[in-house]
Amino acid sequence: MDRRALDIQANRRAQKWTRKELLGRLVWEFLERPLFRWTPRQLWWWRRFILKQFGAKIGNAVQIHPTARISIPWNLEVGDYSAIGDSAIIYCLGPIKIGRSVTVSQYAHLCAGTHDFRQVDMPLIKAQITIADEVWVCANAFIGPDTVIGARAIVAAAAVVVRDVGSDLIVGGNPAVQVSVRT
Amino acid sequence: MDRRALDIQANRRAQKWTRKELLGRLVWEFLERPLFRWTPRQLWWWRRFILKQFGAKIGNAVQIHPTARISIPWNLEVGDYSAIGDSAIIYCLGPIKIGRSVTVSQYAHLCAGTHDFRQVDMPLIKAQITIADEVWVCANAFIGPDTVIGARAIVAAAAVVVRDVGSDLIVGGNPAVQVSVRT
Amino acid sequence: MDRRALDIQANRRAQKWTRKELLGRLVWEFLERPLFRWTPRQLWWWRRFILKQFGAKIGNAVQIHPTARISIPWNLEVGDYSAIGDSAIIYCLGPIKIGRSVTVSQYAHLCAGTHDFRQVDMPLIKAQITIADEVWVCANAFIGPDTVIGARAIVAAAAVVVRDVGSDLIVGGNPAVQVSVRT
């Protein structure tokens, strides 16, 4: 069989980020703890302020828990009144756009990155996740790369979403399938 | 379509906790790390003692790992000889009652809270979870709100329980279904 | 019914580890944070060095993230060019052997331990996990005890593996089933 071995070194040599991005990630890596994670839960306004300094677009009255993990702040956009819960993982290697009045519950994982495994150097793909208004991503749910969650949809606890979810649908399971409709 | 928008502000204005509860949660938020999480694994008796000071009912010889996350100690009840493992999430917004000789393995998540998504202010629901004697909740399992796990049942690793589980059953998958019987 | 109650005390009395192992685990428990977890991401060589001091077999150019959780370093073997991502859980109560050019993505959980629930003292089983060359274990995946993942297989995000996975297969879901073939 004419198979070529993976070339991990080529993957690592690849220029995935600009110099400016690399510098920003380094600064965020060192300041995330003191300026964000180690803040009291009640200081919602402070964490909004800090995220905006790092280029995030954060709406009014957004509540982001101090234990939420935000990989790259400038790739994050969150609309008014939305909330991101305890220990939620916002893995925004690519853009993650969250609408208004969205709830992302504790330990949910939004994963906006993957690899092209069809190539020997498995290049990084910066994917996008779009979550429309009034969606509820329940606890422990996993939202995969390149997905769109339609308005008012509910992703049930621990559901694993790998395809787009239509508006008003309630999906659950792994992989997530429609289980009901929000009325 | 005659749909009313979500009213997140109404949700946030709602009085979900008494003054005493709010104060207790604040104190626990600040003392959980130094008094509980940062203790050496071997000090089982000390963490039992601390949890009891915060109103938990903890039986004899209970072993709770320092990295376990207990949201509201006074909502937790654990029977003799039970164990709660590394990084288990005990999200007891409502009461979580764990029987005797129960094992909750590492990274399991007991989620005793949800929202009523049929109302525009998505009010918090403090649900209950009851885990009977000799149950084993395996690693990474998720136990949803308002569930009862019957005596001696086993919830397999990474299983997602959203309905009651009968005694002696072994359940697995997402959503969890019966896969065997414990004999 | 002639059922004997669980004997958790017998489980705890059992000699699961040698004196040397107990001492090693205690030292690792106290040094893991300062020497491993609290190191800057860029210091890959340093963490390889530290893990080797604790008996791990670590190949060339291996990249292990500082937030990865490695229970017992001397039970871990990782081949050249492999990577273990952010917050991955390497629960190596038994041996975990990872081949060359393997990627274990963020928050994946390799669980090489279980209990024999057919016995009243639920004795600890130190199981083995073997992951062959060029495998990709995606984010949030769970790999259960006593499993072998064949060369070049891909375990999709949040998949739950409880049986061996053949070479070149792509598996997903909970429990994981074949969804495609890697070509």
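Residue numbers start from 1 in every chain, and the chains themselves are labelled A, B, ... in the order their sequence lines are given, proteins ahead of strands.
- The contact between A/Phe142 and chain C is made entirely by side chain atoms (from C-beta outward), counting heavy-atom distances below 4.5 Å.
- For A/Pro175 against C/Gly173, the heavy-atom pair with the smallest separation is CD-CA, 4.2 Å.
- Heavy atoms of other residues, nucleotides or ligands lying less than 6.0 angstrom from CZ of A/Arg12 number more than 12.
- If you measure heavy-atom distances from C/Asn174 to chain A, the contacts under 4.5 Å come from both the backbone and the side chain.
- Taking 4.5 Å as the heavy-atom cut-off, the residues of residues 56-95 of chain A that approach chain C are A/Arg69, A/Ile89, A/Tyr91, ordered by number.
- When A/Leu6, A/Ile8, A/Val160 are compared by the number of non-hydrogen pairs under 4.5 Å with chain C, A/Leu6 comes out ahead.
- A/Phe117 CZ to C/Ser180 OG: the interatomic distance, rounded to the nearest 0.5 Å, is 6.5 Å.
- Scanning for salt bridge (charged side-chain N to carboxylate O under 4.0 Å, His left out) contacts around C/Arg118 gives C/Asp116, with sequence neighbours left out.
- Using a 4.5 Å heavy-atom cut-off against chain C, the contacting residues of residues 120-130 of chain A are A/Met122.
- Below 4.5 Å, heavy atoms of chain C meet heavy atoms from A/Leu26, A/Glu29, A/Phe30, all part of residues 22-46 of chain A.
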